[in-house]
Amino acid sequence: MPDVCSPRLLIETLAVGDELLRGETLDSNASYLQAALLRAGLRVARGAIVPDDEDTLASELSRAADRANVVVVSGGLGPTVDDRTAAAAARAFGRTLVCDEASLERMRGLFASRGYPFTPNNEKPAWVPNGARVIENPVGSAPAFVLDTGRAQLYFLPGVPREYRVLADRVVVPEIAALREGVVARALVLHTIGTTESRVDQLLRGVDFGDVRLSTRVDGPETNVILVAEGSTAGAAEDALARAATHAREALGPLVYGEGDATLASTLGEALAARGVTIAVAESCTGGLVSAAITDVPGASRYFSCGVVAYANDAKTAMCDVPPELIKNHGAVSEAVVRALARGIRARCGTDVGVGVTGIAGPTGATDDKPVGLVHFAAIAGVREVHRRVVFPPGRERVRKFAARVALAVALESLRSGDEPSERPHERAGDLARAARMGPPEPSGETP
Ligand code: ATP
Ligand code: MG
């Protein structure tokens, strides 16, 4: 991650909860905040997890407040006996707990409107350290609060992720961003698929990014390029970022499929909607993940027609008209069959685009010439057909998840290849195979 934090502003996160230390729950609140801060050009310097123990929490809080300028605490604000955050904060900073009447009234009203009994312990979240600034929780009952120790600002947010996220977005991130004076940072993520992280890095080596900081991050079969620009004004930072993004896009060419919040599924959806075309999917080893990803995007009904899971050989024939002799001669996991799946589902559904996926998710099913992780993809759009053969690293879950994303990329490529005649499909196919293996480029290649 890029170092985007002004040296004057040290931010720490502190997650409270025994369940986080037992491994039952991941500290997704910290990840959420880190990503949101990064988008605002700020970096978290340190993160910790502590148990539901008042002594430990109190000492962690005072140590964090000594080190950092901002501490964002998650969890332990609820009504139950294991919620001890407010008490620990009061102890750490020598305050008493006082009742915030407005929060109490709000909670009573909320319970009454839902017909829940307001038992005495439900008063507890309204008791906050003396001098705290109380922040109403728009999506839950327990309020958040902020303590200013003079040296540090401490945000106390509910642990429930839905509540934490709303408060992080609406209050914490904007307030922290406003604390930093003199420097405005802007960050942008470019999403690439089709090659390895090291090749992305290599392609960007020749580019002069000036003061814009650059880093890369692997996300499944994708590599993200993160650019962070700083300037004395928002406009200056945004201009520097836009210039850097243009240079990066020139260097990476069609490897970049989108930026910011774009996902493969949303980008594919936009490409389909923009062209006014429809898509159907026939998938085997991904068991519906491709259709699920496409329909995760709101508004997918504009372009998504149908998805079938044609798992058994008979089903490939019955649902997608794959000739049985094709399966017999080439095997179900083959270029011939995946192309037939894509063509067959397109013809059956009368769509413009057809996608086929067939592979060996493992752990069993490998043959001498077909290893676990081998997946064939085909997409047909108009008269253009794209086929890819990829060998993913073993691991059933990973093969299925990665393959679903590559299927979306192949569908996108079939649409875009009509727009960009300069593309070099052979190079890309080799890259894709290497990226999927997440290893160094191998001269033998996996592409036919
Ligand atoms: P509540 O009012 O529900 O008691 P709270 O502020 O006391 O809220 P917790 O009791 O600590 O928060 O956690 C509430 C829920 O949120 C639990 O299901 C917990 O597992 C989950 N949770 C807590 N902290 C985190 C975190 N850092 N990341 C993800 N989930 C979390
Ligand atoms: Mg709780």
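Remember, it's 1-based here, ligands and their atoms both numbered in the order they're listed.
At least one heavy atom of Leu26 sits under 4.0 Å from some atom of ligand 1. Residue contacts with ligand 1: Ser74 is included, with a non-hydrogen atom under 4.0 Å away. Heavy-atom distances between Asp83 and ligand 1 reach below 4.0 Å in at least one pair.
Between Thr80 and ligand 1, no N or O atom pair is found at a separation short of 3.5 Å. At a 3.5 angstrom cut-off on N or O pairs, Gly75 does not count as close to ligand 1. Ligand 1 has no N or O atom lying under 3.5 Å from any N or O atom of Ala142, backbone or side chain. Where the criterion is an N or O separation shorter than 3.5 Å, residue side chain and backbone included, Pro79 fails it with respect to ligand 1. Residue contacts with ligand 1: Pro161 is placed with no nitrogen or oxygen under 3.5 Å of a nitrogen or oxygen of the ligand (distance criterion only).
With distances taken over non-hydrogen atoms, the option nearest atom 11 (O) of ligand 1 out of Ala86, Ala144, Gly76 is Gly76.
With 3.5 Å as the limit, one finds no donor-acceptor pair spanning the side chains of Glu19 and Thr25.
In this structure, Ile11 and Asn69 have side chains that are not in contact, with every pair of non-hydrogen atoms separated by 4.5 Å or more.
Panel note: side chain Asp52, backbone Asp18; a donor-acceptor pair is recorded below 3.5 Å.
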